[in-house]
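The structure appears below as structure tokens.
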Amino acid sequence: MEIIIISIVAFLTAILTFFSGFGLGTLLTPVFMLFFPIDIAIGLCGLVHFANNLFKFFLVGKNANKEVVLKFGIPAIIAAFVGSWLLLQISDLEPLFSYSLFGKQLNVFPVKFIIAILLVIFALLDLIPFLSKLEFGKDKLPLGGVLSGFFGGLSGHQGALRSAFLIKAGLSKESFITTGIVVSMFIDFTRLSVYASKITSYTLYENKVLLISATLCAITGAYLGNQLLKKVTLKFIQAFVAVLLLLVAIALGMGII
């Protein structure tokens, strides 16, 4: 069942990545969390995310702005390493607190509580008009790289912050999309190299069908998004996804999932 659900979500979300304000990892990561421990979920989603970005790079990679990639990407790589390392350090900590709900004992772990807070923040970036329009000057690119890289490593969520900083970098639409893809690939590669100590070859082998299916569905969705839906904006879908993220955040923060 998890293969079907994750693959469908990967396909539908990948279609939206070329023209919406959120990325593949924004919705796919919480879905992975329904079936795997949170650190494993982020790592497995990162593999699908990286493969999808690699495919998109081959589609439109020639439009990337090298100067912006360096100014944004180098700080992002360093910060992604720190964020990924922090995730592994807090993933095995004891519960923050426990409580009973409808006769069931629920435990709230630090890593889930932190991810829940981050999900709320990123959901609000889409729901609140003022926050959704946040933009930063070109001189803030290194800061954007640090923030996007750190939270990308810690929770897999990097797209909203990356877009907020790159939107004012003086890039064309094509260059904006491709530069974001290249930076995202840098962050994915860095965090996956750190996650490798947690995600064993056995884990990958055990979930190979899931990973292959989700990756192929994401690639197919990315191709369709690039070919058919570049000019479409779906504000309703963005708001709907943000509400879903809030619900997932509440469930994580309460220890329900």
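Note that the structure is a prediction, hence the values are computed from the model and not measured. The figures here come from the full heavy-atom set of this structure, side chains too, leaving out hydrogens, waters and symmetry mates.
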Heavy atoms of other groups near [X] [atom1], more than 12 under 6.0 Å:
{"X": "Phe113", "atom1": "CZ", "value": "no"}
{"X": "Phe35", "atom1": "CZ", "value": "yes"}
{"X": "Lys208", "atom1": "NZ", "value": "yes"}

Please report the shortest heavy-atom distance between [X] and [Y], naming the atom on each side.
{"X": "Ala214", "Y": "Ala10", "value": "O-CB, 3.5 Å"}
{"X": "Pro75", "Y": "Pro142", "value": "CB-O, 3.5 Å"}
{"X": "Thr178", "Y": "Ala64", "value": "CG2-N, 3.6 Å"}
{"X": "Cys45", "Y": "Phe32", "value": "CB-CD1, 3.7 Å"}

Please tabulate, one pair per line, all N/O donor-acceptor pairs under 3.5 Å involving side-chain atoms of residues 94-101, not counting sequence neighbours.
| unit_1 | atom_1 | unit_2 | atom_2 | d |
| --- | --- | --- | --- | --- |
| Ser98 | OG | Asn107 | OD1 | 2.5 |
| Tyr99 | OH | Met254 | O | 2.5 |
| Ser100 | OG | Gln105 | OE1 | 3.3 |

Determine, step by step, whether Phe186 and Ile74 satisfy the side-chain contact (heavy atoms from CB on, under 4.5 Å) criterion, reporting the C-alpha distance in whole Å, the side-chain angles of both residues, the deciding distance to 0.1 Å, and the verdict.
-> CA-CA 9 Å; Phe186 285 168; Ile74 293 177; over 6 Å; no
Is it true that [X] and [Y] fall in one hydrophobic cluster, defined by side-chain heavy atoms closer than 4.5 Å?
{"X": "Leu204", "Y": "Leu28", "result": "yes"}
{"X": "Val182", "Y": "Leu141", "result": "yes"}
{"X": "Ile77", "Y": "Leu70", "result": "no"}
{"X": "Leu86", "Y": "Ile78", "result": "no"}
{"X": "Leu216", "Y": "Phe58", "result": "no"}

Roughly how far apart are [X] [atom1] and [Y] [atom2], rounded to 0.5 Å?
{"X": "Phe81", "Y": "Ile187", "atom1": "CZ", "atom2": "CD1", "answer": "15.0 Å"}
{"X": "Ile181", "Y": "Lys56", "atom1": "CD1", "atom2": "NZ", "answer": "4.5 Å"}
{"X": "Cys217", "Y": "Ile8", "atom1": "SG", "atom2": "CD1", "answer": "8.0 Å"}
{"X": "Gln89", "Y": "Ser84", "atom1": "CD", "atom2": "OG", "answer": "11.0 Å"}
{"X": "Leu47", "Y": "Arg191", "atom1": "CG", "atom2": "CZ", "answer": "8.5 Å"}
{"X": "Leu143", "Y": "Phe72", "atom1": "CG", "atom2": "CZ", "answer": "9.0 Å"}

Between [X] and [Y] (side chain of the first, backbone of the second, donor and acceptor by atom type, cut-off under 3.5 Å), is there such a pair?
{"X": "Asn207", "Y": "Leu210", "answer": "no"}
{"X": "Ser184", "Y": "Gly180", "answer": "no"}
{"X": "Thr179", "Y": "Phe176", "answer": "no"}
{"X": "Tyr195", "Y": "Gly153", "answer": "yes"}
{"X": "Ser213", "Y": "Val209", "answer": "no"}
{"X": "Ser91", "Y": "Leu88", "answer": "yes"}
{"X": "Ser148", "Y": "Gly144", "answer": "no"}

Go through the steps to decide whether Thr215 and Asn52 satisfy the test side-chain contact (heavy atoms from CB on, under 4.5 Å), and finish with yes or no.
-> CA-CA 7 Å; Thr215 300; Asn52 186 57; over 6 Å; no
Determine, stepwise, if the pair Ile42 / Ile115 fulfils side-chain contact (heavy atoms from CB on, under 4.5 Å).
-> CA-CA 10 Å; Ile42 292 174; Ile115 299 300; 4.2 Å; yes
Residues Phe150, Leu154; criterion side-chain contact (heavy atoms from CB on, under 4.5 Å); working and verdict | CA-CA 6 Å; Phe150 178 77; Leu154 181 61; 4.1 Å; yes
